[in-house]
Amino acid sequence: MKKKFVILDFLLKHISMFFAYTVILVVFGLFLVLLINSSSAISHFGFFNFLTSNVWSPAFNKFGGLIPLVGTLFTTIISGIIAIPIALGIAIFLVEICPNSLKTPIGIAIELLAAIPSVIYGFWGLFYLGPLIGNYVQPFFNATLVKLPVIGSFFYGYYSGVSLFTASVVLAIMIIPFTAALVRDALKITPNLLKESAYALGATKWETILKVMFRYSKSAIIGAVLISLGRAIGETMAVTFVIGNQDKLPASLMSPTTTVTATIANEFTEASSQLYLSSMYLLAFILFLSSFTLIIVSKMYFLRKVKN
Amino acid sequence: MVLTQSKWVRAVAFFAVCIALLFSAKISYAGGSINGAGSTFAYPVYTKWAFEYEKATGNRVNYQGVGSGAGIRQVSQRVVAFGGTDKCLTKEELGKRNLIQFPSMVGGIVIVVHIPGIKNNQLKLSNAVISKIFMGKIKYWDDPQIEKDNSGLKLPHLGIVIVHRADGSGTNWNITYWLSQISRQWNQKVHYGLSVNWPTGVGGKGNMGVASYVKQIKGSIGYVEYAFWLQNHLTNVDLQNKEGKWVAPTVATIREAAAKANWQPSKGFYQVLVNQNGAKTWPIVSGTFVLIPKEKSPKYKQAAEFFKWGFNHGDKAAEKLGYIPLPRSTKKLIFNYLRENGF
Amino acid sequence: MSKRRFLNYLGLTVSTLSALIGLFFLFWIIISLIYKGFHYLNWNVFTQNAVAPGDNGGGLKFAILGQLEVVGIASLIGIPIGLLAGIYLSEYGKDSFTSNVIRNICDAMTSIPSIIIGIFIYALLVVPMGNFSALAGSVALSILMIPIVISSVDNILRLVPNELREAAYALGAPKYVVIFKVVVKEAIVGIISAILIAISRVLGETAPLLFTSFNSNFESYKLNKPIGTLTVTMYDYAMGPYDNWHHLAWAAAIILTFSVLLFNIASRLFSYWRFSH
């Protein structure tokens, strides 16, 4: 009987260890597979030329990643600009303002927003948000913001409703709940003692939130925001529907462009030449590296605070 | 302890059996089954045929519209039993990949617009104008160059938005080939291909992506296959054909173009139908082609059988979906061609 | 003083408004789904298979069952691996260097774009096997599940008080008995809730299936053949020319969204129940 225990213990330990290490294997495999498959594009165009070339022309078999990479960068940043203030507001509401009895249901409802499949967001963006932006927001911009000097041209566009802006708004709605949940958890770590001393010194609630809670959990909040941006970088289906899929650098906020993920979703099965396919692997490889780095960096930010 | 272990063993065995069942070739279904992939253009008809073919013979054909480029690639790698493509391969390409090729039907591509107040067949766009529109040189609908051919129409001052296919496709190949034929500038700057670098506009995925963008965006112009135009109530425009005559996209004008085809089995039926001669031909017409590997294998034989069945029984279904079946004389050529290649 | 009070009210109002905006979008999306798709939901959708293009009627049975199969197999692969790996991290690895590396990699993996997993499996399984297959789709989904399960199991097990483990050891129980009969049993509700979350996360995935399990028009559940799934079928139908397809696509969107939400809510109820006990 004793012997059996020893064997089972040994088995459990080593099988579970093996599974835990498979995670490292998978990431390593991912790295290798993407690298090997993109090698012909790297050797043909050169890695840095690929990064800086804005020609994506299957007809002439020439590929450069600048446009999709810039599209990904822009959608991520703009969606962050829209989502972060709202997410911070939601987090503050949930931690400090909401009556206790409503905290759970409202918190759950907002988190459910994060659970809706991304392809549904895409449909919704295409059939509801896109037309709304094309028919109302764009004419409004054209009548107001576009008339301003300098920044006006950023908002100029046709009444198309499929643009960098639409994609960023859809992305923003997708990451709001996720960011809000992370920021809420970050805010909660502020010790009550600190808050109470702030109140005792005569600070208003808002001042306490801004000057005590935010300052205390600053790095955790930065980490949370970076993690959410990491989510936005890799989103595929929702963006593909509303970005406009145009291999052009965006001339304004309201013009169509493309992202790394949309290019892959549209063209991966269609690629007829080896170089074409390899260029798409290279795009995927760059995306993988950047999202991985972003998450590791934000984890370090986030963890440092939580561990303290 | 012993009891729970035997439970585990039983559970594991149960799952093993389930998975083995899922891998095994036949569950509750006895006929043969082949896969095909390629042209989205032909997808509705092949799938319709496949459903009727299963009823008639018990054999299954799973065809997926993944695009012509993917169809050519997959059948060349022998991942599927047949490929569908709207861009026909030349004799040399066929020889290199050891494939046979024949057309299965013909269809038209329609230029559609969304301009308030404009109805079907009202707007006329000449070859010079339409190539400039797609190049992004003409930016508004009330441009004098457009109004010249449309003196009776009141065109609004509205920006033009080009809607093109975002994915690579045979429809792209045909439309860009046509643009290259009618505009030297297009041929030099953009050229033609399954996917090209469009000078301007927005890209929709698939015909439906283009159709829904055209429906939503005021001032848009795009191109879809005839069947999508028929189903989606989009507004078409009249074009100029090779002889300079104005034509509307109808079954008759598309059939006219198909009749001009000079199918030659020795060339693997290589024939581009874009911009054919004739006073009544629609300029953007395409055959859709089938690629089958030459090797002797029951899979490939079944693929050929499927198309033989389709040629004999499928004309009505194709017509109902907005496609033009091949004339009987062409079908005869194909049957001979198949026989010569051992099918 | 009044400026401070004004700022206080302004800040608090803006925060409340943001919460309302979040809720507004949730309701807008759900209501527009119901508005568009509810009247196309009927029994035929669940009991009929696809019909030929252009014909009326038909349903999504093949796609619903296909989705269940792909997600089911993915769970069969992903959950045991994730569970055991999570147990390793919390019970054996603890705070060792490699365990922390694995933890960080897991967190990074939960954010890897799912389409990249799709093309990874395409290169790894589909090309060598020579065709698209249900199995490839399941493997892709399981790779998405594993890090989620590992992270949450690890976190949940570490919440189990050490006294419980020590008491069991004191009774002379071997380690695997302690782990399964004491630690896991104590945390079982949390583990189930983590598993449900992982399933709900992959249930709505489309991008990784596009290049792996592909699609099929026929009812076919073979693991080594392409299979129709709800997400990919919905995408295809929405992109097709026929009104009937669009109706089915909206019905599919409703079925999908509500089953994902159901899994999500179930998981939350589980964890709520855990805390209230």
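Protein chains get the first letters and strands the later ones, always in sequence-line order, with residue 1 at the start of each.
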>> Could you go through C:I30 and A:L112, starting from their C-alpha distance and side-chain angles, then the distance that decides it, and tell me whether this counts as side chain to side chain contact (heavy atoms under 4.5 Å, CB included)?
In response: CA-CA 11 Å; C:I30 288 180; A:L112 284 184; over 6 Å; no

>> Checking A:L34 against C:I119 for the side chain to side chain contact (heavy atoms under 4.5 Å, CB included) test, could you report, in this order, the C-alpha distance in whole Å, the side-chain angles of both residues, the deciding distance, and whether it holds?
In response: CA-CA 9 Å; A:L34 293 178; C:I119 69 173; 4.2 Å; yes

> Please walk me through it: do C:Y92 and A:L12 pass side chain to side chain contact (heavy atoms under 4.5 Å, CB included)?
Replying inline: CA-CA 10 Å; C:Y92 294 97; A:L12 178 66; 3.6 Å; yes

>> Go through it in stages, so that I can follow the logic: the residues are A:Y21 and C:T98, the test is side chain to side chain contact (heavy atoms under 4.5 Å, CB included), and I'd like the CA-CA distance, side-chain angles, deciding distance and then a yes or no.
In response: CA-CA 9 Å; A:Y21 281 76; C:T98 39; 3.5 Å; yes

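Residues A:F19 and C:P80 share a closest heavy-atom pair of CD1-O, 4.4 Å. Contact between A:S291 and C:I112 at its shortest, heavy atoms only, is OG-CA, 4.2 Å. Smallest separation of non-hydrogen atoms from A:R231 and C:S111: NE-OG, 4.2 Å. C:A108 approaches A:F292 most closely through the heavy-atom pair CB-CE1, 3.5 Å.
The CG atom of C:L23 sits 8.5 Å away from the CG atom of A:L113 when rounded to the nearest 0.5 Å. For the atom pair A:K205 NZ and C:L7 CG, the distance stands at 16.0 Å (nearest 0.5 Å). Between the CD1 atom in C:I102 and the CD1 atom in A:I24 there is a gap of 4.0 Å [rounded to 0.5 Å]. Atom CD1 in A:I227 sits 7.0 Å away from atom CG in C:D107 (nearest 0.5 Å). Interatomic distance, C:S15 OG to A:I209 CD1, rounded to the nearest 0.5 Å: 6.0 Å. A:M237 CE to C:Y235 OH: the interatomic distance, rounded to the nearest 0.5 Å, is 4.5 Å.
Of the atoms belonging to A:T22, it is side-chain heavy atoms, and not backbone ones, that fall under 4.5 Å from chain C. Looking at C:F25, both its backbone and its side chain come within 4.5 Å of chain A, counting heavy atoms on both sides. If you measure heavy-atom distances from C:L10 to chain A, you find no contacts under 4.5 Å at all. In this structure, chain C has no heavy atom under 4.5 Å from any part of A:L294. Residue contact with chain A, scored on non-hydrogen atoms closer than 4.5 Å, is absent for C:F24. Interface residue A:I173: only side-chain heavy atoms are found under 4.5 Å from chain C. Proximity to chain C (any heavy atom under 4.5 Å) is restricted, for A:V33, to the side chain, taken from C-beta onward.
With salt bridges taken as basic N to acidic carboxylate O contacts below 4.0 Å, one links A:E111 and C:R268.
Ranked by non-hydrogen atom pairs under 4.5 Å with chain C, the options A:F18, A:F288, A:F285 are led by A:F288. Contact count against chain A (heavy-atom pairs under 4.5 Å) is highest for C:G11 among C:G11, C:G204, C:S114, C:S200. Contact tally against chain A (heavy-atom pairs below 4.5 Å) for C:I146, C:L33, C:T257, C:L12: the top residue is C:L12. Note: C:I115 leads C:I105, C:I115, C:V260 in heavy-atom pairs under 4.5 Å with chain A. Interface remark: of the candidates A:G89, A:A20, A:S16, A:S16 forms the most heavy-atom pairs closer than 4.5 Å to chain C. In terms of non-hydrogen atom pairs under 4.5 Å with chain A, the most contact-rich of C:C106, C:G93, C:A207 is C:A207.
At a heavy-atom cut-off of under 4.5 Å, chain C is reached by A:I92, A:F93, A:I97 from residues 91-98 of chain A, listed in order of number. For residues 258-268 of chain A, the interface with chain C (any heavy-atom pair closer than 4.5 Å) comprises A:T261, A:I264, A:A265, A:F268, sorted by residue number.
Remark: aromatic rings of C:F120 and A:Y281 are distant, center separation not under 6.0 Å. A ring-centre distance under 6.0 Å is not found for A:W206 and C:Y9.
With A:F127 as the aromatic partner, C:K36 meets the cation-pi criteria of under 6.0 angstrom to the ring centre and within 45 degrees of the ring axis.
You'll find the side chain of A:I295 stays beyond 4.5 Å of the side chain of C:M109, heavy atoms only. Side chains of C:L26 and A:I110 form no contact here, defined as non-hydrogen atoms less than 4.5 Å apart. In this structure, C:I21 and A:I90 have side chains that are not in contact, with every pair of non-hydrogen atoms separated by 4.5 Å or more. For the pair A:F123/C:M234, a side-chain contact is recorded, criterion being any heavy-atom separation below 4.5 Å from C-beta on. Counting heavy atoms from C-beta outward, C:P113 and A:L287 have side chains that approach closer than 4.5 Å.
One N or O on the side chain of A:D9 and one on the backbone of C:K175 form a donor-acceptor pair closer than 3.5 Å. Proximity of a side-chain donor or acceptor of C:N8 to a complementary backbone N or O of A:T204 within less than 3.5 Å is not detected.
By the 30° and 60° cut-offs, the orientation of the rings of C:W28 relative to A:W124 is perpendicular.
In C:Y169, the OH atom is crowded: over 12 heavy atoms of neighbouring residues, nucleotides or ligands sit closer than 6.0 Å.
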